[in-house]
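Step one of this worksheet: look at the structure below.
Note that ligands are numbered from 1 as they come in the structure, with each ligand's atoms numbered from 1 the same way. Counting begins at 1 with the first residue of the sequence.
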Amino acid sequence: MKVKIACAQMDIAFGNLQGNFLKASEWIEKAAKEQCNLVVLPELWSTGYDLENLDQTADQDANESLSFLKKMAKQFGIDIIAGSIAKKEKDGVYNTLIAVDRNGRELKQYSKLHLFKLMDEHHFLQAGDHDGLFELYGETVCGVICYDIRFPEWIRKHVLSGAKIIFVPAEWPLPRLAHWRTLLIARAIENQCYVVACNRSGQDPNNVFAGHSLIIDPWGEVIAEADVAEELLIGEIDLDKVKEVRSMIPIFEDRRSEFY
Ligand SMILES: O=C(O)CCC(=O)C(=O)O
């Protein structure tokens, strides 16, 4: 099955929810006009890393984000992996990915499991405690968020549960661009699956971000890669290729899991 995917590598206005919702709606519309089946947004697309103001800006139970995303998905007939938002729950704020389908049905919420101390996340956010698996196009896929890609065992757990696409919304800083590319390509090669990674563009008061959103196939080939500036990155994936690559080098049969 072929799927045309767009990564909305947008700039994010620091703490400006209204501006970011408007911008996201424009990118979603643009992806639909390009006949994409699916659009992916970056991490914390509605607030950016304005962590100190999350008390005011985090979305209570993701209600506002969900109604916006469901409306957009139905209006433009497109599936949306809506990066992540700051979601307020009873015990604090989570960095939460939301996926909705073109019928406006919620598919998944996943909260970032590994908090990134270098960007102070642990002072402002709660860590998630469940996996990122969901069903899309009749296949199992998953979402993880940014820093999560540094934990290959977390990604492998999803792949062992059947994930054929790993979606990665991110706000990855420019100084570690080489890590971003290397880790994403490695995750695709070692798991023989697609990786669709949507980073943000631009800067905030503390960081300049790397852009370079990537769509990578199960052989580790880069299907499409953005530059640092804002861009709607488009690439087509073919889910049948996962089986093809896995039969060529059958790592999942050859694993010696009794030793590790
Ligand atoms: O791991 C990194 O170098 C960047 C991670 C990050 O920026 C994040 O998780 O928000």
Lys112 N/O under 3.5 Å from ligand 1 N/O: yes
Asp59 and its side chain to side chain contact (heavy atoms under 4.5 Å, CB included) partner, picked from Glu64, Lys88, Lys87: Glu64
Non-hydrogen atom of Arg150 closer than 4.0 Å to ligand 1: yes
Ligand 1 versus Tyr147: contacting region, heavy-atom distance under 4.0 Å: both
For atom 8 (C) of ligand 1, the protein heavy atom that lies nearest, with its residue and separation: Cys146 SG, 3.0 Å
Gap separating the CD atom of Glu171 from the SG atom of Cys146, nearest 0.5 angstrom: 7.5 Å
Region of Ala170 that comes within reach of ligand 1 [heavy atoms, distance under 4.0 Å]: neither
Distance from atom 7 (O) of ligand 1 to nearest protein heavy atom, with residue and atom: Glu171 O, 3.1 Å
Side chain, backbone, both or neither: the part of Tyr49 lying under 4.0 Å from ligand 1 by heavy atom: side chain
Derivation of the ring-ring contact (aromatic ring centres under 6.0 Å, His included) call for Trp172 and Tyr147: CA-CA 8 Å; Trp172 194 282; Tyr147 185 48; 8.0 Å; no
Distance in Å, Ile81 CD1 paired with Cys142 SG, rounded so as to fall on 0.5 Å steps: 10.0 Å
Glu43 near ligand 1 by a heavy-atom separation under 4.0 Å: yes
Ser213 backbone acceptor or donor facing Gln9 side chain under 3.5 Å: yes
Residues Thr96 and Ser84: side-chain donor-acceptor under 3.5 angstrom: no
Which of the ligand 1 atoms, numbered from 1, are nearer than 4.0 Å to a heavy atom of Arg176: 2 (C), 3 (O), 4 (C)
Trp180 heavy atom under 4.0 Å from ligand 1: no
Option among Lys30, Arg200, Lys23 that satisfies the salt bridge (Lys or Arg N to Asp or Glu O under 4.0 Å) test with Glu230: Lys23
